[in-house]
Chemist: 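Pasting in a structure now, in C-alpha cells, and then I'll have a few things to ask.
All figures in this text were calculated on a predicted structure; none of them were measured in a lab. The first residue in the sequence is number 1, and the count goes up from there. Below, all heavy atoms of this structure are taken into account, side chains as well, without hydrogens, waters or symmetry copies.
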Amino acid sequence: MKRFTYLFLALPVLFCLAALTFIFHAPADNLSRHVKITYLTVGNPPSNNATREVLDALNKVLTEKVNAELELIYVPWDDYMLNYNRLLSNKGTSLDLVGTASDWLEAWPNVQRGAFMPLSVAMLRKNCPYTFSKVPYEHWNGCSFNGRIYLIPEDNYVQWINHGFMYRGDWAKEAGLEKGIQCWEDILPYCKYVREKNYVEYPFKCQSTRSIAITLSTGYIFSKSLYIPLDGVLANLMFGVSRDNTEKIYSPYYEGDELLAFAKLMKEWDQAGVWPSDVLSGYDWNNREEFIAGRSALECHHTDTFYSIVAPKIKEKFPESDCSFFWFGRESGNLVRTTITHGAMAVYAKSKYPERALKVYDLLRNDPECYYLMNYGIRGKQYIIKDDGFRGYPEGYNPDRDSFSTNFWWGRNDQLEVRTSENCWDKYEDLVAQYDKVAVDYPYPAMIWDFSDISSELEAIDAVWNKYMLRLSFGKVDNEQAFVSEFREELKSAGIEKVLASLQLQLDRHRRKQSRNKIQK
C-alpha cells in the first residue's frame, strides 16, 4: 500500500521586525532525532508510484541535510475548500507545513481561526535563513497579522494566474473571427459554428461546479467593468473595488448591470447547446482532456495552464491547429498582477516539529538538489537538461507511469527554475506583452480583514451564492431579471449591507493609517 495519506470528504501586520523577535518560542529542535514532516497541499493524489519514488530520493537528501523526511497529504479538488478547512479545524489533525493562499485558500480567515503558527523573526532567521534573508521587509509586513508573521510568501516567482478561455484559433478563423475571440460576444458565434460543423458535440463540456461558476461570473464581470475583488474575504470574490475608485467597496453581485447581462448571455449559451441541457446533473468527463483531444472547443483556466500544459499538447496532437487564449479583462483592460500570497507556506498551529519544518521548507525553496527533486522529479526519469539548457523529457518517458505530483505552489524560485522546451513560450511572451501594458498591482496588499463581527453574515451570503449562482451561471433561469432581483433580495436578508459597511469602515481606517505613515516618513 502506498505510503501517502489521502484525504477525502470523510475526514471527519508587522509593525517592526525587531518587535516580533520573541513573540513565539518553539521547542528546541534536536537534530539528532529523525522526524517526519507532513506537508499539506491541494490536488488529487497521484495514481502511480512515481511520486513515491521521487519522495524517496528527496528524503535521502533531507535526511542527510536536516535528518528529516517529507510526507505529502493531499486534499482532492472536489469540494477542496470545505475539506481543507475541515481538516485544519479538526482537533486530531497532525500537520507541519501547510500550503495556503490569501485569495483562494482563505489564508487570513484560517490565521484568525488559529490554524497557523505565528513565526518569530528569531525562529525564521535560525531555521529558514536563506528564505528569510531574501524576503524583503515589506513582504514580511504583508504576511503578518496583528504584528505577527504567519505566512512565508512565494514572492520570488513570476506567474500569471489570470483566467480566460482557451480555444481553437484555427476554428475561430473558419467561423469568421479573423482576429480570434476578442470579447465575450464572439464566443457564442464560435460555439455555434463548431457545432454546426460537427467538430464537437458540445463546445464546452464543463462540469457544473462552484469553481466554474465563480470563474465564469467573475470573468465576465472583469471583462465588462474595472472590478478588482478583495483579497481574502470570500473565495467566490463577491466584494471588491473599482480601478477608477479604489476607495469604495461594492459587490457587483448586489448592484450594477453586469450580473443581469451575464445571466442573459449564459441563457443564450444554454439554449444554443454550448453545454448539455442537463449540465447541472453532473458528468464524469474531464473537459481539459476533451479539449486536448479535439472533442471540446473551449477550456477555461489560467495563463500558466494555457502555455505550459494545454497549448503544447494541442500542438503535439494537432500540428496545424492554433490553440489561443482569450483572457478575462481584455475588453476593459482590467488585469491585476498576482499577489505574493497567492501561494504561501504556513506552519500548522499544532505542529510537533515547527523548527524542523522550516528547515525543510528552506531547502525545498532554495537548495538546487531539493528544488529539482520537488519540482521536476528524478533526473533521467522525469526530466533531462538538454544541450540548449532547456528541460525536456527523457527517451521513453510515459506520463501514465512516470509523471509525479507534489503541487509545490508555495515556494517556487525563479533563480532555480529551468524552462521546459515543451512550453509554448512564444504564446506566453505575446500574452505577457499584452498584460504589461494594462496590469496594475493589487491596491491593498497589506490589508487583512477582520471578520469577527460579520462571520455569520458572510456564511449566510456564501450560502445564498451557492443557492443561486450555479443555476444562473449555466443559464438555467426562466426570467433573468426576476431571478437576479430575488438573488439580491436574499443577499440583503443575509446581511450583505452590514458586510459592505464593515469592510468599508475597515478600508477607511486602513487608508487613514497609510496616509499618516506617509506623512511621518
Side-chain angles (χ1 to χ4, degrees), residues 44 47 77 163-209 211-212 215-216 219 266 268-279 281-328 330 392-393 397-403 420-428 430-431 473-475:
N44 297 329
S47 58
W77 285 116
H163 281 66
F165 277 119
M166 305 168 215
Y167 65 96
R168 289 284 294 271
D170 49 324
W171 291 351
K173 287 183 179 180
E174 288 183 28
L177 301 169
E178 290 296 327
K179 295 182 179 180
I181 293 175
Q182 301 290 307
C183 62
W184 278 75
E185 286 72 25
D186 287 341
I187 298 173
L188 189 53
Y190 164 77
C191 291
K192 287 181 176 179
Y193 176 82
V194 296
R195 276 202 90 186
E196 290 167 358
K197 297 292 286 186
N198 292 318
Y199 288 160
V200 298
E201 183 180 10
Y202 299 107
F204 192 24
K205 300 177 73 171
C206 59
Q207 295 183 334
S208 54
T209 61
S211 62
I212 290 293
T215 303
L216 290 176
M266 292 303 99
E268 288 186 55
W269 284 24
D270 182 58
Q271 293 174 337
V274 171
W275 42 61
S277 59
D278 56 346
V279 62
S281 300
Y283 296 92
D284 291 332
W285 58 48
N286 182 308
N287 182 71
R288 185 172 302 166
E289 293 178 359
E290 294 292 295
F291 179 69
I292 292 170
R295 297 188 293 266
S296 175
L298 292 171
E299 166 62 348
C300 188
H301 212 257
H302 52 61
T303 298
D304 278 8
T305 301
F306 164 68
Y307 83 86
S308 67
I309 298 175
V310 178
K313 291 183 178 180
I314 292 285
K315 182 179 180 180
E316 180 182 3
K317 190 172 181 65
F318 304 104
E320 303 304 316
S321 68
D322 176 26
C323 187
S324 301
F325 191 69
F326 167 67
W327 51 276
F328 299 151
R330 178 172 183 167
Y393 293 118
Y397 176 84
N398 182 330
D400 293 334
R401 179 194 64 209
D402 301 324
S403 64
T420 173
S421 58
E422 306 294 324
N423 291 355
C424 293
W425 294 108
D426 56 339
K427 293 181 179 292
Y428 171 77
D430 178 64
L431 285 170
S473 298
F474 290 95

Chemist: Indicate the atoms forming the closest heavy-atom contact of Trp275 with Tyr202, along with that distance.
Modeler: C-CD2, 3.7 Å
Chemist: Nearest 0.5 angstrom please: Leu298 CG to Glu290 CD, how far?
Modeler: 13.0 Å
Chemist: Of all residues at least two apart in sequence or in a different chain, which pass the salt bridge (Lys or Arg N to Asp or Glu O under 4.0 Å) check with Glu316?
Modeler: none
Chemist: Checking Trp285 side chain against Lys205 main chain: does a donor-acceptor pair fall under 3.5 Å?
Modeler: yes
Chemist: Side chains of Phe306 and His301: does their closest heavy-atom pair fall under 4.5 Å?
Modeler: no
Chemist: Which atom names give the shortest non-hydrogen contact between Gly180 and Tyr167, and what distance separates them?
Modeler: CA-OH, 3.4 Å
Chemist: Is a donor from one side chain sitting under 3.5 angstrom from an acceptor on the other, for Ser321 and Asp170?
Modeler: no
Chemist: Testing the basics here: between Ser296 and Pro203, what is the closest heavy-atom pair and its distance to 0.1 Å?
Modeler: OG-O, 3.0 Å
Chemist: Just how far is it from atom CD1 of Ile292 to atom SG of Cys323, taken to the nearest 0.5 Å?
Modeler: 8.5 Å
Chemist: Measure up the Trp269 and Trp184 rings against each other and bin them: parallel (under 30°), tilted (30 to 60°), perpendicular (over 60°).
Modeler: parallel
Chemist: Which value, rounded to the nearest 0.5 Å, describes the distance between Ile181 atom CD1 and Arg330 atom CZ?
Modeler: 10.0 Å
Chemist: Any carboxylate oxygen within less than 4.0 angstrom of a Lys/Arg side-chain nitrogen, looking at Lys173 and Glu178?
Modeler: no
Chemist: Can Arg168 be said to sit on top of Phe318's aromatic six-ring, NZ or CZ under 6.0 Å from centre and within 45° of the ring axis?
Modeler: yes
Chemist: Would you say the rings of Phe165 and Phe326 are close, in the sense that their centroids are separated by under 6.0 Å?
Modeler: no
Chemist: Which pair of non-hydrogen atoms, one from Lys192 and one from Ala272, has the smallest distance, and what is that distance?
Modeler: CE-CB, 4.0 Å
Chemist: For Asp402 and Asn398, indicate whether the former's side chain and the latter's backbone hold a donor-acceptor pair under 3.5 Å.
Modeler: yes
Chemist: Looking only at atom types and distance, does a side-chain atom of Asp278 sit under 3.5 Å from a main-chain N or O of Ser281, one as donor and one as acceptor?
Modeler: no
Chemist: I need the Cys300 SG to His163 NE2 distance, nearest 0.5 Å.
Modeler: 6.0 Å
Chemist: Here's a test for you: under side-chain contact (heavy atoms from CB on, under 4.5 Å), which of Tyr190, Phe204, Phe474 qualifies with Val274?
Modeler: Phe204
Chemist: Say whether, by atom type as modelled, one donor and one acceptor occur between the side chain of Ser308 and the main chain of Asn423 under 3.5 angstrom.
Modeler: no
Chemist: Tell me whether the centres of the aromatic rings in Trp425 and Tyr307 are closer together than 6.0 Å.
Modeler: yes
Chemist: Assess whether side-chain contact (heavy atoms from CB on, under 4.5 Å) is satisfied between Met166 and Thr303, documenting all intermediate values.
Modeler: CA-CA 9 Å; Met166 305 168 215; Thr303 298; over 6 Å; no
Chemist: Can you list every pair that meets salt bridge (charged side-chain N to carboxylate O under 4.0 Å, His left out) and has a residue in residues 300-312, with sequence neighbours left out?
Modeler: none
Chemist: When rounded to the nearest 0.5 angstrom, what distance separates CG in Leu188 from CD in Gln271?
Modeler: 10.0 Å
Chemist: If only side-chain N and O atoms count, and only distance matters, is there a donor-acceptor pair under 3.5 Å linking Glu174 with Tyr193?
Modeler: yes
Chemist: Do the side chains of Thr215 and Phe328 get nearer than 4.5 Å, heavy atoms only?
Modeler: yes
Chemist: Which atoms form the tightest heavy-atom contact between Gly392 and Ser421, and what is the distance?
Modeler: CA-OG, 4.2 Å
Chemist: With a 3.5 Å cut-off and no angle check, do the side chains of Glu299 and Asn287 form a donor-acceptor pair?
Modeler: yes
Chemist: So do Phe291 and Val310 actually touch side chain to side chain, heavy atoms under 4.5 Å?
Modeler: yes
Chemist: With rounding to the nearest 0.5 angstrom, report the SG to NZ distance, Cys424 to Lys313.
Modeler: 12.0 Å
Chemist: Please test Thr420 against Tyr393 for side-chain contact (heavy atoms from CB on, under 4.5 Å), starting from the C-alpha separation and ending with a verdict.
Modeler: CA-CA 9 Å; Thr420 173; Tyr393 293 118; 5.7 Å; no
Chemist: Please confirm whether the backbone N or O of Gln182 pairs with a side-chain atom of Asp186, one donor and one acceptor, at under 3.5 Å?
Modeler: yes
